[in-house]
Amino acid sequence: MATKDICPQRRDVDLLSRVVDFIIPEDDFPSAGQAGVSEFLLGLWRSGTEPSGSLVFEGLRRLDREAHTVFGVAFVDAPARQQDEIVLRHAHAPWFATLCELVAEGYYSNPGNGSNPHALSWRMIGYEPGLPDGPDGPPSNMQDMVRGKLCA
């Protein structure tokens, strides 16, 4: 299946959302899923911009089959402890490494790329977008700005 032809079933999207939240869970800040990372990834895969969709969905389906085999329930219906156990068994799999990288990209990306609404993750790490102003960066107080200089 060509990645840009990806049309995942609802079950696949639920699996993706659950694992995305495993990678970056909610704490004082939103989880990856709450920050729109699942939708961001689906958009990349559907557009053909990122070719790993088939690989990742195959891995996610393996998680689901393993949950059924080991615990007798779908992955998304298993208790969190059992989900953790299954995901950790796949921690070194190429599909999971790819997914982790893409989740981080989506979570910390420019909000204009369709994820990281309101730059939440940027605030979490203390990043303030803008261009530096001189060798010491922009002034910390806007009143210190000198007329004629650009404000980042």
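Quick note: residue numbers are just sequence positions, from 1.
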Asks: What pair of heavy atoms forms the shortest contact from L102 to S52, and how long is it?
Replies: CD1-OG, 3.3 Å

Asks: Taking all atoms of both residues into account, what is the closest heavy-atom pair of G33 and S38, and its distance?
Replies: CA-OG, 4.5 Å

Asks: Any sub-3.5 Å donor-acceptor pair from S121's side-chain atoms to Y107's backbone N or O?
Replies: yes

Asks: Under the 3.5 angstrom rule, does the side chain of E50 hit a backbone N or O of L44 as a donor-acceptor pair?
Replies: no

Asks: Please examine the side chains of F75 and D14, heavy atoms only from C-beta on, and report whether any two atoms are closer than 4.5 Å.
Replies: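 Answer no - side chains too far apart.
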
Asks: Let me confirm one number: the CG-CG distance from L55 to L60, rounded to the nearest 0.5 Å.
Replies: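 Rounded to the nearest 0.5 Å, the CG-CG separation comes out at 9.5 Å.
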
Asks: So, the side chain of R62 versus the backbone of H90: is there a donor-acceptor pair under 3.5 Å, distance only?
Replies: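 It does not hold such a pair.
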
Asks: Out of curiosity, H68 NE2 to R65 CZ, how far, rounded to the nearest 0.5 Å?
Replies: 10.0 Å

Asks: Rounded to the nearest 0.5 Å, what separation is found between the CD atom of E39 and the CG atom of L16?
Replies: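 So the gap between those two atoms works out to 8.5 Å.
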
Asks: Quick check: is I23 connected to L120 through a chain of hydrophobic side chains (ILVMFWY, heavy atoms under 4.5 Å apart)?
Replies: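 In one cluster: no.
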
Asks: Taking atom CZ as the centre, does R11 end up with more than 12 heavy-atom neighbours from other residues, nucleotides or ligands that are less than 6.0 angstrom away?
Replies: no

Asks: Would you mind telling me which of D64, T69, L63 makes a side-chain contact (heavy atoms from CB on, under 4.5 Å) with I86?
Replies: L63

Asks: To the nearest 0.5 Å, tell me how far E85 CD sits from L88 CG.
Replies: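 Rounded to the nearest 0.5 Å, the CD-CG separation comes out at 8.5 Å.
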
Asks: Quick one, N116 and F40 - any side-chain contact, counting heavy atoms below 4.5 Å?
Replies: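 No; the side chains remain at least 4.5 Å from each other.
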
Asks: Find out whether F71 and E66 are in side-chain contact, i.e. whether some heavy atom of one side chain is under 4.5 Å from a heavy atom of the other.
Replies: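 No. Closest side-chain heavy atoms not under 4.5 Å.
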
Asks: Could you report the tightest heavy-atom contact between S115 and S109, atom names first, then the distance?
Replies: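 In this case the closest contact between S115 and S109 is CB-OG, 3.8 Å.
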
Asks: Check whether any side-chain heavy atom of Y108 sits under 4.5 Å from a side-chain heavy atom of M124, and report yes or no.
Replies: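 A side-chain contact exists here, since the closest heavy-atom pair is under 4.5 Å.
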
Asks: Can you see which heavy atom on V37 is nearest to which on V103, and at what distance?
Replies: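 Smallest heavy-atom distance, with atoms named: CG1-CA, 3.9 Å.
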
Asks: Ignoring hydrogens and geometry, is there a side-chain-to-backbone donor-acceptor pair from Q34 to S31 under 3.5 Å?
Replies: yes

Asks: For N110 versus W122, what's the shortest heavy-atom pair and its separation?
Replies: CA-CZ2, 3.4 Å

Asks: Under a 3.5 Å distance rule, please check whether D12 uses its side chain to pair with a backbone N or O of Q9 as donor and acceptor.
Replies: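 Present.
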
Asks: Tell me, yes or no, whether the heavy-atom count around E26 atom CD, taken from other residues, nucleotides or ligands under 6.0 Å, exceeds 12.
Replies: yes

Asks: Going through the checks in order, is the ring-ring contact (aromatic ring centres under 6.0 Å, His included) test met by W95 and F57?
Replies: CA-CA 8 Å; W95 73 267; F57 279 113; 9.9 Å; no

Asks: Side-chain contact test, heavy atoms from C-beta onward, threshold under 4.5 Å: evaluate it for L99 versus L41 and give yes or no.
Replies: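 Yes, close enough: below the 4.5 Å cut-off.
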
Asks: Do you know which two heavy atoms are closest between V73 and D77, and how far apart they sit?
Replies: CG2-C, 4.2 Å

